[in-house]
Amino acid sequence: MMRRDFCDPGGAPTAQVDFAALRRKQEELAARVVLQDRLGPVRLVAGTDLSAGPYAPTVWASVVVFAWPGLELVDSASVVCEDPFPYRTGLLGFREVPPLVSAFERLSRWPDLAIVDGQGLAHPRRFGLACHLGLELDLPTIGCAKSRLVGEPGDPLGDTAGAAVPMLDAGERIGYVVRGRAGCKPLWVSPGHRVSAELALEWVRLLLGPYRLPIPQREAHRLANRARRGESPATRVNGP
DNA sequence: GCGACAG
DNA sequence: ATCTTGTCGC
């Protein structure tokens with residue numbers, strides 16, 4: 001069983017979770033995040049996502065692994081478990097990291113890089129989901145969110161696929177807003193762990209297909225949804 | 001008090 | 001995140 005050092009919300013019922021303490025925990029962990037390129041040759045690139053029902057206290061987490069270049073699907077894994085933690089803005093990692101780690105544990109091919117559905121550095125405490133998952137797995141990660149959390153674009157964004165402008169917050173460049181596809185709402189791309197902002201942008205551009213989302217992210221999303229609808233198998237795992 | 005607010 | 005039909009546009 002893989003170690004999960006940075007996820008324990010305290011084990012208390014949700015009504016008495018100490019949110020302030022978890023925010024402080026994020027501030028501590030943020031100091032450990034590596035924002036330089038510390039990764040080898042990328043031969044396998046993963047996409048990750050989580051799917052949840054409206055009321056069911058259950059979540060489905062999926063990871064897909066693609067060969068690079070070529071983007072052939074070489075591995076995937078899905079798990080289903082009790083929802084570990086209620087969604088709270090800024091605390092997404094405490095909800096999604098445990099199921100995602102369980103899904104990674106079921107992979108037979110370990111990726112060199114993962115695209116995560118959510119923010120990385122572009123977070124109030126510079127510790128978005130992609131940083132959290134990357135640190136937990138010691139895996140290079142990139143945050144690719146479908147909407148903004150913090151910061152403002154430094155310039156107007158063009159409508160061509162691949163167009164990008166820096167996102168600024170408190171005088172820092174926290175990532176980029178990126179047009180995944182012409183005519184679509186953009187993506188918010190930021191470093192997760194062991195990847196720089198520049199390389200994060202480069203990889204998201206390389207992985208863009210004819211859709212709004214990068215291919216691995218889109219496929220992870222589809223797989224998690226199929227798992228939730230019972231159309232694809234998912235391994236039942238225990239609580240966080 | 002008001003507005004913002006990843007998934 | 002999820003609930004949902006049709007509809008506008010390339």
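Small disclaimer: the values here were computed from a predicted structure and weren't measured. All chains are named by letter (A, B, ...) in the order of the sequence lines, taking the proteins before the strands, and each is independently numbered beginning at 1.
Taking both residues in full, the closest heavy atoms of A/Leu168 and A/Gly154 are given as CD2-CA, 3.9 Å, listed atom of the first, atom of the second, then distance.
Of the possible donor and acceptor atoms, one in the side chain of A/Asp112 sits under 3.5 Å from a partner among the backbone N and O of A/Arg43. Judged by distance alone, with hydrogens and angles left aside, the side-chain atoms of A/Arg179 form a donor-acceptor pair with the main-chain N or O of A/Gly158 at under 3.5 Å. At distances below 3.5 Å, at least one donor-acceptor pair connects side-chain atoms of A/Arg194 with backbone N or O atoms of A/Asp138.
Results of the side-chain hydrogen bond (donor to acceptor under 3.5 Å, both in side chains) test with A/Gln217 over A/Asp117, A/Thr48, A/Asp49 single out A/Asp117 as the only residue that passes. Here the rule is side chain to side chain contact (heavy atoms under 4.5 Å, CB included) with A/Ile142, and of A/Val116, A/Leu207, A/Val189 only A/Val189 fits it.
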- [ ] Please report the C-alpha distance between A/Asp83 and A/Thr58 in whole Å, then the side-chain angles of each, then the deciding distance to 0.1 Å, and finally whether the side chain to side chain contact (heavy atoms under 4.5 Å, CB included) criterion is met.
- [x] CA-CA 5 Å; A/Asp83 194 341; A/Thr58 307; over 6 Å; no

Open item on the list: Working note: A/Leu129 + A/Gln119, criterion side chain to side chain contact (heavy atoms under 4.5 Å, CB included); need CA distance, chi angles, decisive distance, verdict.
Closed with: CA-CA 6 Å; A/Leu129 171 61; A/Gln119 312 289 350; over 6 Å; no

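Both key distances under 3.5 Å define a Watson-Crick or G-U pair, and DNA chain B has no stretch of 3 or more such consecutive pairs.
Counting only N and O atoms by type, the side chains of A/Arg226 and A/Ser232 include no donor and acceptor under 3.5 Å apart. If you check the side chains of A/Ser196 and A/Asp37, you find a donor sitting under 3.5 Å from an acceptor.
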Pairs under 3.5 Å (N/O, protein and nucleotides 4-7 of chain B):
residue, atom, partner, partner atom, Å
B/dC5, OP1, A/Arg148, NE, 3.4
B/dC5, OP1, A/Arg148, NH2, 2.9
B/dA6, OP2, A/Tyr87, OH, 2.8
B/dA6, O3', A/Ser147, OG, 3.4
B/dA6, N7, A/Gly90, N, 3.1
B/dA6, N6, A/Gly90, O, 3.0
B/dA6, N6, A/Leu91, N, 3.3
B/dA6, N6, A/Leu92, N, 3.1
B/dA6, N6, A/His123, NE2, 3.3
B/dA6, N1, A/Leu129, N, 2.9
B/dA6, N3, A/Gln119, N, 3.1
B/dG7, OP1, A/Lys146, N, 2.6
B/dG7, OP2, A/Ser147, OG, 2.8
B/dG7, O3', A/Asp117, OD2, 3.1

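Two residues are said to be in side-chain contact when any heavy atoms from C-beta on lie closer than 4.5 Å; A/Pro153 and A/Val177 meet this criterion. Side-chain contact between A/Trp203 and A/Leu113 is present, with heavy atoms from C-beta onward closer than 4.5 Å. The side-chain heavy atoms of A/His132 and A/Phe94, taken from C-beta on, include a pair separated by under 4.5 Å. Between A/Val80 and A/Arg228 the shortest side-chain heavy-atom distance does not fall below 4.5 Å.
Taking a 4.0 Å limit (strictly below) on heavy-atom distances, residues 211-226 of chain A reaches DNA chain C at A/His221, A/Asn225. Using a 4.0 Å cut-off on heavy atoms, none of the residues of residues 170-189 of chain A approach DNA chain C.
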Task: Pairing pattern in dot-bracket form [Watson-Crick, G-U; both distances under 3.5 Å; | = partner strand] for DNA chain C - done: ..........

Task: Base-contact (B) and sugar-phosphate-only (S) positions in nucleotides 5-10 of chain C, heavy-atom cut-off under 4.0 Å, - elsewhere - done: ------

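Judged by a 6.0 Å distance limit and a 45° cone about the ring axis, A/Arg218 is positioned over the six-membered ring of A/Tyr211.
Not one side-chain nitrogen or oxygen of A/Arg228 sits closer than 4.0 Å to the OP1 or OP2 atom of C/dA1. Side-chain nitrogen and oxygen atoms of A/Ser51 include at least one within less than 4.0 Å of the OP1 or OP2 phosphate oxygen of C/dT2.
Crowding of A/Arg109 atom CZ: a count of heavy atoms from other residues, nucleotides or ligands under 6.0 Å not exceeding 12.
Between A/Trp188 and A/Tyr176, a ring centre-to-centre spacing not shorter than 6.0 Å is recorded.
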